[in-house]
Amino acid sequence: MGRVDHHHSKTLLKPFNQTLQTLLSLLNLHSSSPRYLLHLHAVIVKSHLSHHPFLLTRLAHAYLSSNSLSPPTRILLSFPKRPPLFLWNETIKAHARNGRFRDSIGLYDVMLARGATPNEFTFTFVLPACAAARAVLDGRRIHEHAVRFGFLSNVFVATAVVDMYGKCGEVRLARKVFDGMSQRGIASYNAMISGYVSSGKCEEAISLFDQMQKLGLQYDATTMVSALQASASLGALQKGRWVHEQVMSSQMEINVHLGAALVNMYARCGCIEESRRIFNEMPRRDLISWTAIICGYGMHGLAEDAELLFNQMVQCGVMPDSITFVGVLSGFSHKGMVNKGREYFKKMTEEYYIKPTLEHYSCMVDMLGRAGRLEEAEAFIRTMLVDPDAGVWGGLLNACKIYGNVELGERVVEEILRLDPRNAGWYVLMSNIYATAGLWNGVAKMRLLMKERKVSKYPGWSSIEIDGHRHVFLVFDRSHPKSEEIYRFLKDLEERMRAAGYVAETKCVLVNLDEEAKEDMLCGHSERLAIAFGILSTKEGEVLRVIKNLRVCIDCHTATKFISKIVGREIIVRDANRFHHFRDGVCSCGDFW
DNA sequence: ATAGGGTTAG
């Protein structure tokens with residue numbers, strides 16, 4: 001079947017060379033596939049063969065015998081005369097809104113091929129289909145049509161174009177169209193902001209959001225949802241709080257979207273109690289609100305509470321879905337609750353009939369591996385019904401690092417690099433396994449491999465928000481204006497830490513240096529710079545919240561415990577994986593992560 | 001036209 005399709009789509013690339021006969025046999029073969037029929041139709045028209053009576057009769061027959069063609073399409077196609085534009089538009093819209101994005105785009109093409117001229121509505125219906133299908137090439141083409149037909153001056157059309165590019169990850173193109181608009185509505189801003197957020201450009205999202213305020217534009221609930229997402233992702237609690245205040249003072253109704261965004265923002269910014277308070281006070285809760293708070297508890301290492309909430313949710317008659325289980329399982333994984341994890345994995349498949357995805361397998365492998373059950377983790381991978389991806393194997397590789405298993409690591413990394421050779425993380429992880437074992441040849445081998453394959457790693461950073469401004473630190477960063485002061489403070493602090501019993505864990509310096517040089521390197525780790533800057537820039541006793549893009553290393557974890565005690569501060573660190581709450585010399589993760 | 005929840009790795 002796949003082979004037949006492939007063969008025909010290949011022949012379709014050269015429609016002008018096709019004989020009538022070929023088109024006819026294609027029509028016979030593919031009378032049951034509506035999408036294919038629509039495309040074939042477009043090809044016939046574009047090849048200037050639509051005047052051919054025999055071919056058209058065949059096409060009509062194919063359409064009529066095609067049961068899987070949607071009823072609206074059949075009505076449209078059975079229209080005696082040229083269908084009115086309104087009918088084209090409605091049919092394109094109906095498909096776009098019911099998940100049949102490709103059909104929607106296909107209908108648009110047939111419409112053009114039949115000589116109909118689209119209007120502004122046509123574009124506002126077909127562009128979201130391109131956006132949802134992430135069909136950037138179609139979207140680009142249709143954008144050009146909109147320009148050519150003179151509809152880009154329409155706010156709705158231009159906004160749909162901005163949104164389409166944003167959803168397809170083409171934020172630069174989106175911004176270009178956005179900047180070219182002569183007038184913009186709130187939705188235009190919302191589309192642009194959410195485009196930034198979905199591409200991970202959260203600073204840009206916030207900056208446009210701020211610009212709206214400067215221009216005196218009103219926010220609506222949609223704007224707020226995106227702003228909250230951006231704040232959550234950046235860990236910008238002060239910004240998130242400000243957005244929350246605006247929501248409250250503008251008497252905006254807290255609908256399920258806003259509620260979930262708020263719950264998520266507070267949780268991801270380290271305020272799990274606040275998150276819970278919002279959740280409790282929400283007027284309406286649905287699956288997504290529940291999932292948000294459950295994931296929040298999981299991230300904070302509160303798996304027992306997550307489980308409690310899971311059961312409450314079920315009691316309320318809300319059915320968990322695949323993502324709810326990702327949250328629950330990852331929560332158990334953070335606490336090493338292997339038996340619970342197994343129990344819920346079983347529950348998911350046997351009670352809820354949810355097919356485990358690669359994400360669930362990743363959680364399970366990670367959980368088993370971190371609990372030291374490497375053989376079990378490997379055996380678990382063998383039981384998978386789908387082929388494991390690099391992420392699943394990655395959990396095992398990480399376990400090899402924690403437990404210093406070089407041989408298994410070598411076997412696993414080979415598997416991983418076959419699947420995902422472009423990702424620097426794996427090379428670094430394997431190189432770390434070698435380094436921890438003192439096998440510097442292995443380290444060199446991985447470095448060389450990276451060089452040969454031209455993969456480069458991206459740097460670790462930590463950030464902290466002070467007076468509404470986000471300060472980002474890289475490793476050994478000296479670019480901050482207060483750099484001198486920060487390093488001096490860290491040196492002083494180290495003395496006091498040593499006096500309190502701190503011993504540098506030089507194992508996590510992964511280059512071959514003498515011990516003293518290694519200790520110096522540890523002080524330059526980005527989270528230390530952020531924490532030091534935080535202590536210097538805030539009032540005595542204030543809580544510090546640090547965001548990190550990678551996982552904390554063991555030495556920084558130990559150091560932060562000492563720092564929290566010495567300076568009498570609660571330090572909350574969100575790393576790539578979870579939250580660590582440091583207080584009075586102990587961490588909420590119980591040193592398991 | 002625009003909006004909510006997720007795993008793994010450096």
Side-chain angles (χ1 to χ4, degrees), chain A residues 120-121 123-125 127-128 131 154-164 166-167 184-195 197-198 220-229 232 254-265 267-268 286-296 298-299 320-331 333-334 357-367 369-370 388-399 401 416 420 423-432 450 455-460 510 549-551 553 576-578:
Chain A
E120 67 270 37
F121 290 98
F123 290 109
T124 60
F125 299 146
L127 283 165
N154 180 294
V155 197
F156 286 70
V157 175
T159 300
V161 173
V162 170
D163 184 54
M164 181 275 296
K167 286 217 167 71
R184 305 180 190 96
I186 300 180
S188 321
Y189 279 88
N190 293 349
M192 193 61 236
I193 292 171
S194 91
V197 173
S198 55
D220 65 8
T222 305
T223 329
M224 296 323 216
V225 167
S226 294
L228 288 168
Q229 270 188 305
I254 306 230
N255 60 22
V256 280
H257 291 262
L258 254 177
L262 282 166
V263 167
N264 184 243
M265 185 277 291
R268 303 233 307 149
D286 66 359
L287 167 64
I288 295 179
S289 341
W290 283 101
T291 305
I293 189 71
I294 288 171
C295 292
M299 276 192 289
D321 73 355
S322 174
I323 297 177
T324 319
F325 276 101
V326 171
V328 173
L329 291 176
S330 72
S333 151
H334 295 319
T357 64
L358 287 169
E359 287 91 336
H360 299 112
Y361 286 115
S362 291
C363 283
M364 294 300 286
V365 170
D366 181 63
M367 183 178 74
R370 265 192 294 169
D389 68 348
V392 174
W393 286 112
L396 189 52
L397 190 62
N398 188 44
K401 185 196 158 194
I416 294 180
D420 186 17
N423 190 335
W426 311 127
Y427 298 86
V428 176
L429 189 53
M430 188 63 221
S431 145
N432 291 359
M450 281 179 80
V455 289
S456 47
K457 57 173 174 174
Y458 60 78
L510 301 161
N549 67 335
L550 307 176
R551 284 197 184 184
C553 77
N577 190 234
R578 58 163 295 161

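Any value given below was found using the heavy atoms of this structure, including those in side chains, with hydrogens, waters and symmetry copies removed. Naming convention: chains lettered A, B, ... in sequence-line order (proteins, then strands); numbering from 1 in each chain.
The separation between A:E359 atom CD and B:dG6 atom P is 12 Å, rounded to whole Å. Here the P atom of nucleotide B:dA3 and the CG atom of A:D286 are 17 Å apart, to the nearest Å. If you take NE2 of A:H257 and P of B:dA3, they are 9 Å apart, rounded to a whole angstrom. Between the CG atom of A:N423 and the P atom of B:dT7 there is a distance of 17 Å, rounded to whole Å. Taking atom CG of residue A:D163 and atom C1' of nucleotide B:dA1, one finds them 7 Å apart after rounding to whole Å. With rounding to whole Å, A:L397 atom CG is found 15 Å from B:dT8 atom P. A:L127 places its CG atom 14 Å from the C1' atom of B:dT2, with the value rounded to the nearest Å. The nearest whole Å value for the distance from the CD1 atom in A:I294 to the C1' atom in B:dG4 is 15 Å.
The side chain of A:V326 lies closest to B:dT7 when the candidates are B:dG10, B:dA3, B:dT7. The side chain of A:Q229 lies closest to B:dG4 when the candidates are B:dG10, B:dT2, B:dG4. Out of B:dA1, B:dT7, B:dG5, the shortest distance to the side chain of A:S362 is found at B:dT7. Closest contact between the side chain of A:I323 and the listed nucleotides B:dG6, B:dG10, B:dA3 involves B:dG6. Comparing B:dG6, B:dG10, B:dA3 against the side chain of A:N264 picks out B:dG6 as the nearest.
Residue contacts shown for A:N577 are limited to sugar-phosphate atoms, with no base heavy atom under 4.0 Å away. Using a 4.0 Å heavy-atom criterion, one finds that A:D321 contacts the bases of the nucleic acid, with or without backbone contacts as well. Base contact: A:T324 has a heavy atom under 4.0 Å from a base atom. Backbone-only contact: A:L429 has heavy atoms under 4.0 Å from sugar-phosphate atoms and none from a base. Residue A:N255 is classed as a base contact, given a heavy-atom separation below 4.0 Å to a base. Among the atoms of the strands shown, base atoms are found under 4.0 Å from some heavy atom of A:L287.
To the nearest 0.5 Å, the span separating CZ on A:F121 from CZ on A:F156 amounts to 8.0 Å. Rounding to the nearest 0.5 Å gives a distance of 12.0 Å between CE of A:M224 and CG of A:N255. Here OG1 of A:T159 is found 10.5 Å from CG of A:L127. Values are rounded to the nearest 0.5 Å.
Applying the side chain to side chain donor-acceptor pair (under 3.5 Å) rule to A:R370 yields the partners A:S333, A:D366; only residues at least two apart in sequence or on another chain are considered. Residues meeting the side chain to side chain donor-acceptor pair (under 3.5 Å) test with A:N154, sequence neighbours left out: none.
An OP1 or OP2 oxygen of B:dA3 is reached within less than 4.0 angstrom by a side-chain nitrogen or oxygen of A:K167. Distances shorter than 4.0 Å separate none of the side-chain N or O atoms of A:S330 from OP1 or OP2 on B:dG6.
In this structure the side chain of A:F325 reaches within 4.5 angstrom of the side chain of A:H360, judged on heavy atoms.
Side-chain to base pairing of A:N432 with B:dG10: no donor and acceptor N or O lie closer than 3.5 Å to each other.
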